[in-house]
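Working notes, structure below.
Chain letters run A, B, ... following the sequence lines, proteins first and then strands; every chain starts at 1.
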Protein chains: 2
Amino acid sequence: MAEKQYKIGEFSRKVNLSSFTLRYYEDEGLIKPRRNQNGQRFYGEQDVKWLKFLLHLKGTGMTMAELKQYVAWRAQGDATIQQRIKLLRRVKQDAEDQIRELENNLAIVNHKIDWYSGKLDETINADEDFEQYLKKFE
Amino acid sequence: MAEKQYKIGEFSRKVNLSSFTLRYYEDEGLIKPRRNQNGQRFYGEQDVKWLKFLLHLKGTGMTMAELKQYVAWRAQGDATIQQRIKLLRRVKQDAEDQIRELENNLAIVNHKIDWYSGKLDETINADEDFEQYLKKFE
DNA sequence: CTATCCCTTCGAGTGCACTTTAAGTCAAAT
DNA sequence: ATTTGACTTAAAGTGCACTCGAAGGGATAG
């Protein structure tokens with residue numbers, strides 16, 4: 001039993017990207033679906049996995065240019081593994097920084113919500129401003 | 001002793017935004033510096049705090065439109081606190097989702113780095129693909 | 001005095017990652 | 001048979017958040 005093949009429409013629903021975007025990614029060299037005798041694209045399970053991996057990379061903030069670089073290195077074989085590791089380490093660092101910053105920003109938002117809540121139920125003095133309130137947590 | 005006042009150039013260095021951006025934010029209604037008798041903008045410590053708070057909100061992913069809405073509500077006084085809380089809760093939720101997604105993506109990147117490293121030092125079988133490798137962590 | 005900064009309006013330009021259109025042909029599903 | 005979906009190329013459009021430029025004039029620091 002051969003593996004499931006998807007045409008672009010079905011595949012686009014599966015990976016939650018428009019057909020436009022899939023063709024765009026293909027133009028950019030990120031994916032290479034097979035074609036049938038009529039030139040229609042067919043995607044298999046490998047393409048699903050590969051695309052999902054790309055989307056994970058993308059989701060860390062990697063740009064198109066970096067993804068293309070990564071793909072180019074991959075196509076060159078094992079000789080470029082060091083470069084790929086180096087790029088991924090940068091991506092890792094970057095993602096960690098983003099997480100830290102988000103957590104930082106989130107903490108402020110949480111304090112602000114608490115402060116507003118306190119104002120509403122009057123457990124916070126009407127005169128105490130957010131700055132003063134924040135000092136309690138330093 | 002009066003508090004320190006900044007002209008736009010000094011302020012822009014302090015908050016790490018260009019003068020262009022500061023004027024743009026002002027046009028959008030996000031900040032309202034005082035002016036001296038010649039029309040030059042002066043920013044004080046309050047402006048530093050307010051802008052930093054805005055940047056925290058911004059850093060969670062809030063758009064300009066949302067920031068403007070928030071500022072508009074703030075200008076309307078305490079009657080809009082409920083709306084502001086509601087917006088901030090959405091922002092909070094959003095930031096939490098972003099963090100989770102980043103962590104998720106990061107985990108994949110980390111596995112990939114480990115897998116490449118394993119390939120390089122030959123602790124991973126040359127034939128074992130990333131998919132198989134990942135299964136070990138399920 | 002002179003270099004540097006700041007002011008205004010406002011429209012145009014930038015960068016990124018899509019997103020859509022056009023025009024015409026061909027394939028596949030019901 | 002008919003609707004729906006797929007194919008091509010090349011170019012233009014979108015949305016967001018800036019970012020910059022022109023033109024002309026006033027302010028301030030060294």
Side-chain angles (χ1 to χ4, degrees), chain A residues 4-44 47 51-72 91 94-95 98 101 105, chain B residues 4-44 47 51-72 91 94-95 98 101 105:
Chain A
K4 171 101 172 117
Q5 298 276 92
Y6 307 90
K7 289 202 291 187
I8 199 167
E10 199 184 354
F11 189 67
S12 84
R13 266 164 264 129
K14 189 170 175 72
V15 298
N16 216 29
L17 292 176
S18 73
S19 307
F20 293 121
T21 302
L22 288 170
R23 285 192 274 259
Y24 165 65
Y25 282 179
E26 186 176 342
D27 288 346
E28 298 297 309
L30 301 188
I31 31 174
K32 282 196 225 309
R34 267 106 254 136
R35 303 292 184 116
N36 70 6
Q37 74 276 20
N38 305 307
Q40 293 191 330
R41 291 165 180 83
F42 275 91
Y43 301 83
D47 297 304
L51 191 49
K52 287 199 166 163
F53 176 62
L54 283 183
L55 293 178
H56 281 300
L57 295 185
K58 197 150 195 316
T60 62
M62 267 179 85
T63 62
M64 279 285 144
E66 288 170 328
L67 288 171
K68 284 156 82 169
Q69 174 64 270
Y70 181 86
V71 170
V91 164
D94 210 72
Q98 285 183 67
E101 213 198 302
N105 293 329
Chain B
K4 172 101 170 116
Q5 299 276 92
Y6 308 90
K7 289 203 289 184
I8 198 167
E10 198 184 353
F11 189 67
S12 85
R13 267 165 263 127
K14 187 166 176 76
V15 297
N16 217 31
L17 292 177
S18 72
S19 307
F20 292 121
T21 303
L22 288 169
R23 288 191 202 102
Y24 165 65
Y25 281 180
E26 187 176 342
D27 288 345
E28 298 297 309
L30 301 187
I31 30 174
K32 282 196 224 310
R34 266 110 254 132
R35 303 292 186 116
N36 70 7
Q37 73 279 19
N38 306 306
Q40 292 193 329
R41 292 166 181 82
F42 275 91
Y43 301 83
D47 296 305
L51 191 50
K52 289 201 164 160
F53 175 62
L54 283 183
L55 293 177
H56 281 300
L57 294 186
K58 197 150 195 317
T60 62
M62 266 178 87
T63 62
M64 278 287 146
E66 289 171 327
L67 288 172
K68 284 156 83 170
Q69 174 65 272
Y70 182 86
V71 170
V91 163
D94 209 73
Q98 285 183 67
E101 213 199 300
N105 294 329

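Of the residues near DNA chain C, A:T21 and B:I8, the one whose nearest nucleotide (by heavy atom distance) lies more toward the 5' end is B:I8. With the nearest nucleotide of DNA chain C identified for both B:K7 and A:K7, B:K7 has the one nearer the 5' end. Each of B:T63 and B:Q37 was assigned the nucleotide of DNA chain D with the nearest heavy atom; the assignment lying further toward the 5' end belongs to B:T63.
Summarising the geometry, the separation between CZ on A:F20 and P on D:dT9 is reported as 15 Å, rounded to the nearest angstrom. Atom-to-atom, CZ of B:R13 to C1' of C:dT4 comes out at 11 Å; the value is rounded to the nearest Å. Atom P of nucleotide C:dC18 and atom CG of A:L30 are separated by 9 Å, given to the nearest angstrom. Distance, B:L22 CG to D:dC20 C1': 15 Å, rounded to whole Å. Counting to the nearest Å, the C1' atom of C:dT8 and the CD atom of B:Q40 are 13 Å from each other. What separates OH of B:Y25 from C1' of D:dC16 is a distance of 12 Å, to the nearest Å. Between the P atom of C:dA28 and the CZ atom of A:R41 lies a distance of 15 Å, rounded to the nearest Å. Taking atom OH of B:Y43 as the reference point, atom C1' of C:dC5 lies 14 Å away to the nearest angstrom.
A:R35 and A:E26 are joined by a salt bridge, as a carboxylate oxygen and a charged side-chain nitrogen come within less than 4.0 angstrom of each other.
Here the shortest heavy-atom pairing between A:D47 and A:R34 reads OD2-NH1, 3.1 Å. Considering all non-hydrogen atoms of both residues, A:D94 and A:T60 come closest at OD2-O, 4.1 Å.
In this structure, B:Y43 and B:F11 have parallel ring planes: the angle between them is below the 30° cut-off, well short of the 60° mark.
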